[in-house]
Asker: 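Once you've had a glance at the structure underneath, I'll fire off some questions.
Remember, predicted model here, so these are calculated numbers, not experimental data.
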Amino acid sequence: MRDMIAPLDIPPEQRAVDVQGLSKRYGSKTVVDQLSMQVRRGEVFGFLGPNGSGKTTSIRMMCGLLTPDAGGGQTLGYDILREAAAIKREVGYMTQRFGLYEDLTIRENLDFVAGVYQMDRRRQRVDAALERLGLSARASQLAGGLSGGWKQRMALAACMLHEPQLLLLDEPTAGVDPKARRDFWEEIHALAAQGITVLVSTHYMDEAERCHRLGYIAYGQLLALGTPTQLIERSGFATWHVRGEDVSELARQLRQQPGVERVTRFGNSLHLSSSDHSALAAAIAPWREQAGLRWDAASPQLEDVFIHLMSQSRDNFSPGH
Ligand SMILES: Nc1ncnc2c1ncn2[C@@H]1O[C@H](COP(=O)(O)OP(=O)(O)OP(=O)(O)O)[C@@H](O)[C@H]1O
Ligand SMILES: [Mg+2]
């Protein structure tokens, strides 16, 4: 696979986040390893990676909540080591498993947050946040009775009260149903259109596809950085679909072929992928003319790219790294 870090093309003044060599160790374990990345002002940046890969730790270093052991950089032009207080004033951070009070209404929850942070113009800020996220009509509903999607929207409203320029959203849609996730993403894009920069971590591929740019991290190392199109192109992946009556036996046989790196089942069809075009073509050749099978060359998906990156990094990973 080619180098998956696309060349940096963001002028310094347009970088909402610009960090170099960030590292964090816990005991003997390096959980973030020399992370260098940039987020462009006004973009929606997706942060992906398996569980425990260092996404939350990286986000916390970028907003000055956690001090790196090495490296540094700027967020919104402020130094992450020395100007953490200024960063906090202009960043909205929605933590993983963000919790609000179930027995308060949406309005009361937002008002409570505004009070805790001693914000001025409390009533005005709460009204504006309710309005901005389409929550005005539900303002007097108890938070406990809201569906997952509305709870997340309320949490986002709480992060918007101080009118931040940058939102750091850590898995904001985990466990939320598809319709609510889609609505939440409409909000993310609407905020970006107003000039707010959004860095969002996610495990969902459909969400990754909705980002302007993506970073993929595994075992603390940034393995890929670029637009979804750049990452698919740079992967050089080949993919095929085959459809048939009973593809179970075919899947079993194809999995044994060299050159077939991954076989994924979708009902009556299989999705095959490989980083070697000619090896994949040779591997499937014996079945190409078989009656009852329909073959189509397909475009690689981000999921193919990320799963490949993850398996490679696992191979390279040695204990004590
Ligand atoms: N305070 C801490 N002390 C010790 N180890 C920690 C601490 N915080 C995080 N870790 C470890 O660092 C690694 C990275 O954790 P992190 O929470 O950043 O991953 P993540 O990518 O956000 O994972 P997830 O997708 O599950 O949220 C994990 O192995 C985690 O156990
Ligand atoms: Mg996390």
Asker: Applying side chain to side chain donor-acceptor pair (under 3.5 Å), name anything that partners K151, two or more places apart in sequence or on another chain.
Answerer: E102
Asker: For T56, check side-chain contact (heavy atoms from CB on, under 4.5 Å) against everything at least two apart and list the hits.
Answerer: R60, Y93, Q96, D170
Asker: Apply the side-chain contact (heavy atoms from CB on, under 4.5 Å) test between I196 and each candidate in L166, V44, L167; give the one that qualifies.
Answerer: L167
Asker: With sequence neighbours left out, what residues match Q34 under side chain to side chain donor-acceptor pair (under 3.5 Å)?
Answerer: none
Asker: Quick check for you: to the nearest 0.5 Å, what is the distance between E108 atom CD and D103 atom CG?
Answerer: 9.0 Å
Asker: Does D111 have any salt bridge (Lys or Arg N to Asp or Glu O under 4.0 Å) partners at least two apart in sequence or in another chain, and if so, which?
Answerer: R122
Asker: With ILVMFWY side chains joined below 4.5 Å, transitively, what does I10's cluster contain besides itself?
Answerer: L8
Asker: Check P228 against L214 and note the closest heavy-atom contact, atom names and distance.
Answerer: CG-CD1, 4.0 Å
Asker: Could you list the residues that satisfy side-chain contact (heavy atoms from CB on, under 4.5 Å) with S269, not counting sequence neighbours?
Answerer: R243, F266
Asker: Start with the C-alpha gap between L225 and M4, add the side-chain angles, then the distance that decides, and say whether side chain to side chain contact (heavy atoms under 4.5 Å, CB included) holds.
Answerer: CA-CA 6 Å; L225 185 67; M4 293 293 288; over 6 Å; no
Asker: Relative to W150, does R153 satisfy both conditions: NZ or CZ under 6.0 angstrom from the six-membered ring centre, and within 45 degrees of the ring's axis?
Answerer: yes
Asker: Is it true that R40 and D18 have a side-chain N and a carboxylate O under 4.0 angstrom from each other?
Answerer: no
Asker: If the condition is side-chain contact (heavy atoms from CB on, under 4.5 Å), which residues does S136 pass it with, not counting sequence neighbours?
Answerer: L130, E131
Asker: Mind checking the CG-CG spacing from L110 to L100? Nearest 0.5 Å is all I need.
Answerer: 7.5 Å
Asker: What residues, two or more places apart in sequence or in another chain, satisfy salt bridge (Lys or Arg N to Asp or Glu O under 4.0 Å) together with D120?
Answerer: R125
Asker: Using the rule that Ile, Leu, Val, Met, Phe, Trp and Tyr join whenever any side-chain heavy atoms are under 4.5 Å apart, tell me whether I307 and M205 fall into a single cluster.
Answerer: no
Asker: For E249, what residues pass the side chain to side chain donor-acceptor pair (under 3.5 Å) criterion, not counting sequence neighbours?
Answerer: R252, Q253
Asker: Mind checking what makes side chain to side chain donor-acceptor pair (under 3.5 Å) contact with H271, not counting sequence neighbours?
Answerer: H241, D304
Asker: List in chain and number order the residues that pass side-chain contact (heavy atoms from CB on, under 4.5 Å) with E90, two or more places apart in sequence or in another chain; answer none if no residue qualifies.
Answerer: L76, Y78, Q165
Asker: Assess the pair F237 and H308: is the distance between their ring centroids shorter than 6.0 Å?
Answerer: yes
Asker: Is there any ring-ring contact (aromatic ring centres under 6.0 Å, His included) pair reaching into residues 193-214, and which pairs are they, with sequence neighbours excluded?
Answerer: H189-H212
